[in-house]
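Here the structure comes first, spelled out in structure tokens, and everything after it is commentary.
Every number for a ligand or one of its atoms is a count from 1 in the order of the listing. We're numbering straight along the sequence, starting at 1.
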Amino acid sequence: MADMAQLPEHPVAVFDSGVGGLTVLHELLVSLPTEDYLYLGDTARFPYGERTPQELRSFSIEIAEHLLAEGAKLLVVACNAASAAALDALERHLIDTGREVDVIGVVAPATQLAVAGSHTGRIGLLATPATVASRAYERAVRAADPHVHLERVACPDLAPIIQRGFQFDEQVVQIVRGYCAPLRAAEVDTVILGCTHYPLIGPLLQRILGRGVTLVTSGAGVARSTERALAARGLLNPRTGEGTYRFECTADVESFNALGTRFLQMPLNEVLHVELDQRIAA
Ligand code: DGL
């Protein structure tokens, strides 16, 4: 397959099912400000948390192909559901098609932080149904420390509430309370926010779970892995000033722009609409 060679001045590509991955992009912008970024939100097929592993593999490969064609030098799978179900398949696809591109997922960085930070060895996971069903976090925790207990809670309503712009009313707070109840009962001291959307309601979660619980997100770990991967291949952008960023989504650009600007707290400027070829199979 024809591909352009990766160069230091090429962008780092980040993708998610929607605006949630902007929480990961934020950490990348803080840690690696000299890089250029290309962000894709597959909003037409949101929520990924209700998708099958086959669909997630197919979507991830298709998006990776699109981003590589746009010159991406590294891919960040900012979506937990896609990372959990499709990271291995995506890496295999890239190897099979002769591409030497690093792919950074979100499951391992968050797990490592959580396992290292927990004092009691009792960790909670809030995630979408697809991520919980994949058991990817369970495997990652077991690999890091087989004696750590992981209490998993699938939260089918949470990402859609946030993606809609989360108007907080009593009903939403009750839903979030319900998701946190098993974690409180299990007396966890650390909770992995296993969905890119959840850091956006971090204050609400922290109030419900209490001060003694540490919330762990993948963003900072992803940024560190990205930096190491780029450095290892000599692909860090050598510029001294700030890089650029651009955004693409597969559904309505106006709502993506409005919501994304609010979440990222900086203007997204123009958001490009892209049509993905959904026939590509995993
Ligand atoms: N961004 C997805 C994730 O991190 C959650 C939202 C969705 O269900 O698409 O799993």
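Under the 4.5 Å side-chain heavy-atom criterion for Ile, Leu, Val, Met, Phe, Trp and Tyr, V77 and V132 are members of distinct hydrophobic clusters.
Proximity to P47 (heavy-atom distance under 4.0 Å) selects the following atoms of ligand 1: 7 (C), 8 (O), 9 (O). Close approach of ligand 1 to G49 is summarised as follows: ligand atoms under 4.0 Å from at least one heavy atom of the residue are 7 (C), 8 (O), 9 (O). Near T128, meaning under 4.0 Å from any of its heavy atoms, are these atoms of ligand 1: 5 (C), 8 (O), 10 (O). Within ligand 1, counting atoms from 1 as listed, the ones closer than 4.0 Å to a heavy atom of S17 are 1 (N), 2 (C), 6 (C), 7 (C), 9 (O). Listed by number with element, the atoms of ligand 1 under 4.0 angstrom from any heavy atom of A81 are 3 (C), 10 (O). The contact set between ligand 1 and D16, taken as ligand atoms under 4.0 Å from a residue heavy atom, comprises 1 (N), 2 (C).
The pair R233-E100 meets the salt-bridge criterion, with a side-chain N (NZ, NE, NH1 or NH2) lying under 4.0 Å from an Asp/Glu carboxylate O.
Between L205 and V191 the shortest side-chain heavy-atom distance does not fall below 4.5 Å. Side-chain atoms of L68 and L94, non-hydrogen and from C-beta on, do get closer than 4.5 Å to each other. Residues T23 and T217 have side chains not in contact (no heavy-atom distance under 4.5 Å, counting atoms from C-beta outward).
The shortest N or O to N or O distance between C79 and ligand 1 is not under 3.5 Å.
In this structure, R152 forms no cation-pi arrangement with Y137, as its terminal cationic atom is not both closer than 6.0 Å to the ring centre and no more than 45° off the ring axis.
Here the side chain of H149 pairs no donor or acceptor atom with the backbone of I123 at under 3.5 angstrom.
Taking 4.0 Å as the cut-off, G20 does not count as a neighbour of ligand 1 on heavy-atom distance. Residue G18 places no heavy atom under 4.0 Å from ligand 1.
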Candidate pair Q265 and H26, rule side-chain hydrogen bond (donor to acceptor under 3.5 Å, both in side chains), full reasoning: CA-CA 9 Å; Q265 295 175 15; H26 162 76; over 6 Å; no

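When non-hydrogen atoms are compared, ligand 1 lies under 4.0 Å from the backbone of N80 as well as from its side chain. The backbone and the side chain of T196 each have at least one atom closer than 4.0 Å to an atom of ligand 1 (non-hydrogen atoms only). Counting heavy atoms under 4.0 Å from ligand 1, residue F46 touches it through the side chain alone. The proximity of A159 to ligand 1, defined as any non-hydrogen pair under 4.0 Å, is limited to the side chain. Only the side chain of H197 comes within 4.0 Å of ligand 1, judged by heavy-atom distances.
Interatomic distance, OG1 of T128 versus NE2 of H197, reported as 10.5 Å (0.5 Å rounding).
For F263, the ring-ring contact (aromatic ring centres under 6.0 Å, His included) partners are F166, not counting sequence neighbours.
When only non-hydrogen protein atoms are considered, atom 7 (C) of ligand 1 lies nearest to Y48 N, 3.3 Å. Protein heavy atom closest to atom 5 (C) of ligand 1, with residue, atom name and distance, is C195 SG, 3.1 Å.
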